[in-house]
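Computed from a predicted structure; not experimentally measured. Throughout, numbering of the chain's residues begins at 1 and tracks the sequence.
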Amino acid sequence: MAGGLERVYGTEEDKVNCSFYIKIGACRYENKCQRIHSIPPISQTILFKHMYQNSPIEVAIASGNAVSQAGIEEALEKFENFYEDVFLKLAEFGEIEDLIVCENIGDHLVGNVYVKYTSEYYAEGCFNALQNLSYENKPLQMEYSPVLDFSSAKCKQYIDGTCQRGGACNYLHLKKIATKFKKSLFNQMYEEHPDYREKKEKENIEKSPKKHKKKEKKSKKKKSSSSRESSRRNSIERQKMINDWNETGIQNVSQAQKMMYGNNMPAPVYTPKVSMRTSPELLQLQLQLAALKEQLAAIKMS
């Protein structure tokens, strides 16, 4: 009997506990849900409800609306400032395993921030220290979260770029952050709190001493990494994120065309890419080139 209860716990078959709350740490029905939301008495993960304040531009991005490159740059700058500020503050209480921020705009997920520490001890210290405090004049709403595996809470379709629900999805859509920038924050955490690294290295040595010796040799050869400021503003990965957002609409149109035409796709029409810094003269040349390419395509088809 006990084995059967363990098997259905947290699944859709569980008629007592809310599977969405267990998996995601939030439920769209909130207090009106007919199933139980069991807030754990302690956890490695803390949820800060509605901590991040989205700008109108960020709401537009989350909703899948077209946004200018300047607008995307502004949104990234705002989010990176927030992420850095919060990450370094939370790192004062213990070693962080991950910090994520929701891009969802549903009432139960909007602005939610999850921090997972490497131990419950660190999480408890953070939880106790931040009681009755505010962030940007807004009281912190904290609770321990049952979510220990963010991979199961994330929307798989969003990761693949195929989620049709957009910001209204009930699975987590995470705000994008450059890997290089995030790594630099972890490096700073270990520099400011060397005891975290020492503890981590000790655990790694105990697990696999041979592997640790190889890594130690490689780390001596590595040059010091560039500053976090450059990783934020000059990162190729960061520019790629902007390009991905700009080209999402084009990809959606291309997929729709394939569905309509199948193997009889019409010849592609060249459209010049125009950035905020494109000069009128360069734009004119690009348009002339586009016209020539269209003429060549028409000749090949005839």
Side-chain angles (χ1 to χ4, degrees), residues 24-26 42-59 61-62 72-106 108-148 150 153-154 167 172-193 195-197 200 227-233 235 237-238 241:
I24 294 161
I42 193 165
S43 172
Q44 286 176 245
T45 306
I46 300 172
L47 166 62
F48 295 86
K49 291 183 175 180
H50 318 307
M51 184 182 183
Y52 184 73
Q53 299 298 302
N54 287 294
S55 66
I57 291 171
E58 288 170 298
V59 173
I61 291 170
I72 293 169
E73 283 278 7
E74 184 185 324
L76 279 172
E77 183 74 17
K78 174 181 175 291
F79 175 59
E80 285 175 344
N81 287 335
F82 169 87
Y83 195 92
E84 179 179 1
D85 185 32
V86 172
F87 185 99
L88 295 177
K89 179 63 182 175
L90 295 178
E92 292 176 9
F93 306 107
E95 184 185 5
I96 293 173
E97 187 172 309
D98 203 0
L99 176 70
I100 63 172
V101 182
C102 293
E103 191 171 67
N104 308 66
I105 53 177
H108 60 301
L109 289 174
V110 63
N112 283 1
V113 177
Y114 296 77
V115 60
K116 182 182 178 185
Y117 286 97
T118 55
S119 75
E120 291 178 351
Y121 172 79
Y122 290 143
E124 186 178 25
C126 171
F127 194 87
N128 293 335
L130 298 182
Q131 289 293 326
N132 304 316
L133 295 183
S134 300
Y135 184 82
E136 293 186 347
N137 301 317
K138 189 179 175 184
L140 292 173
Q141 299 179 61
M142 294 186 299
E143 65 180 44
Y144 287 118
S145 174
V147 182
L148 296 176
F150 291 131
K154 295 174 189 175
L172 301 188
H173 288 197
L174 306 188
K175 282 187 171 289
K176 295 178 175 69
I177 188 91
T179 305
K180 190 177 178 182
F181 174 50
K182 191 172 182 178
K183 189 177 179 181
S184 71
L185 291 173
F186 273 94
N187 288 339
Q188 184 171 344
M189 175 181 72
Y190 289 125
E191 285 170 14
E192 293 179 358
H193 309 279
D195 51 313
Y196 300 167
R197 190 186 287 276
K200 198 178 187 77
S227 68
R228 184 166 63 259
E229 195 69 18
S230 65
S231 72
R232 283 178 62 179
R233 293 184 173 81
S235 170
E237 182 183 21
R238 187 167 182 267
M241 284 195 297

* Please assess His173 against Leu109 for the test side-chain contact (heavy atoms from CB on, under 4.5 Å), listing each intermediate value before the final yes or no. => CA-CA 9 Å; His173 288 197; Leu109 289 174; over 6 Å; no
* To do: Can you measure from CD1 (Ile57) to CG (Leu76) and round to the nearest 0.5 angstrom?
  => 10.5 Å
* Please test Lys78 against Tyr52 for side-chain contact (heavy atoms from CB on, under 4.5 Å), starting from the C-alpha separation and ending with a verdict. => CA-CA 10 Å; Lys78 174 181 175 291; Tyr52 184 73; 3.0 Å; yes
Side-chain donor-acceptor distances from residues 126-134 under 3.5 Å, at least two apart:
| from | atom 1 | to | atom 2 | distance (Å) |
| --- | --- | --- | --- | --- |
| Asn128 | ND2 | Glu124 | O | 3.2 |
| Gln131 | NE2 | Phe127 | O | 3.2 |

* To do: Say whether, by atom type as modelled, one donor and one acceptor occur between the side chain of Thr45 and the main chain of Val147 under 3.5 angstrom.
  => yes
* Gap between atom CD1 of Ile96 and atom OH of Tyr122 - 0.5 Å precision -> 11.5 Å
* To do: Would you sort out whether Gln141 and Asn112 count as a side-chain contact (heavy atoms from CB on, under 4.5 Å), showing the intermediate values?
  => CA-CA 10 Å; Gln141 299 179 61; Asn112 283 1; over 6 Å; no
* Specify the closest pair of heavy atoms between His193 and Ala91, including all atoms of both residues, with the distance to one decimal. => NE2-O, 3.6 Å
* Asked: For Glu84 and Phe181, which heavy atoms make the closest approach, and how far apart are they?
  -> CB-CZ, 4.0 Å
* Asked: Strictly under 6.0 Å, is that where the ring centroids of Tyr135 and Phe82 end up?
  -> yes
* Could you give the distance from CG (Asn104) to NZ (Lys175), rounded to the nearest 0.5 Å? -> 9.5 Å
* Looking only at heavy atoms, what is the nearest atom pair of Gly25 and Ser145, with distance? -> CA-OG, 4.1 Å
* Structure fact -> Nearest heavy-atom approach of Lys182 to Leu99 is NZ-O, 3.9 Å
* Over all heavy atoms of both residues, which pair between Lys176 and Phe79 is shortest? Give the atoms and the distance, please. => O-CE2, 3.6 Å
* Between CZ of Phe150 and CD1 of Ile100, what distance do you get to the nearest 0.5 Å? -> 4.0 Å
* Asked: Looking only at atom types and distance, does a side-chain atom of Tyr114 sit under 3.5 Å from a main-chain N or O of Ile24, one as donor and one as acceptor?
  -> yes
* To do: Please report the C-alpha distance between Lys49 and Glu143 in whole Å, then the side-chain angles of each, then the deciding distance to 0.1 Å, and finally whether the side-chain contact (heavy atoms from CB on, under 4.5 Å) criterion is met.
  => CA-CA 8 Å; Lys49 291 183 175 180; Glu143 65 180 44; 3.3 Å; yes
* Asked: When you measure from the side chain of Lys138 to the backbone N and O of His50, does any donor-acceptor pair fall under 3.5 Å?
  -> yes
* Hey, what's the ring geometry for Phe87 with Tyr83, parallel, tilted or perpendicular (30° and 60° as the breaks)? -> parallel
* Structure fact -> Residues passing the side chain to side chain donor-acceptor pair (under 3.5 Å) test with Ser55, sequence neighbours excluded, are Glu58
* Ring centres of Tyr117 and Phe93 under 6.0 Å apart? -> no
* Do you know which of Leu172, Leu174, Val115, Val113 makes side-chain contact (heavy atoms from CB on, under 4.5 Å) with Val101? -> Val113
* Structure fact -> Heavy atoms of Glu80 and Ile177 approach each other most closely as CG-CD1, 4.1 Å
* **Donor-acceptor contact below 3.5 Å, side chain Tyr121 vs main chain Gly94** => no
* Asked: In chain order, what residues pass the side-chain contact (heavy atoms from CB on, under 4.5 Å) check against Glu97, with sequence neighbours excluded?
  -> Gln44, Lys116, Thr118
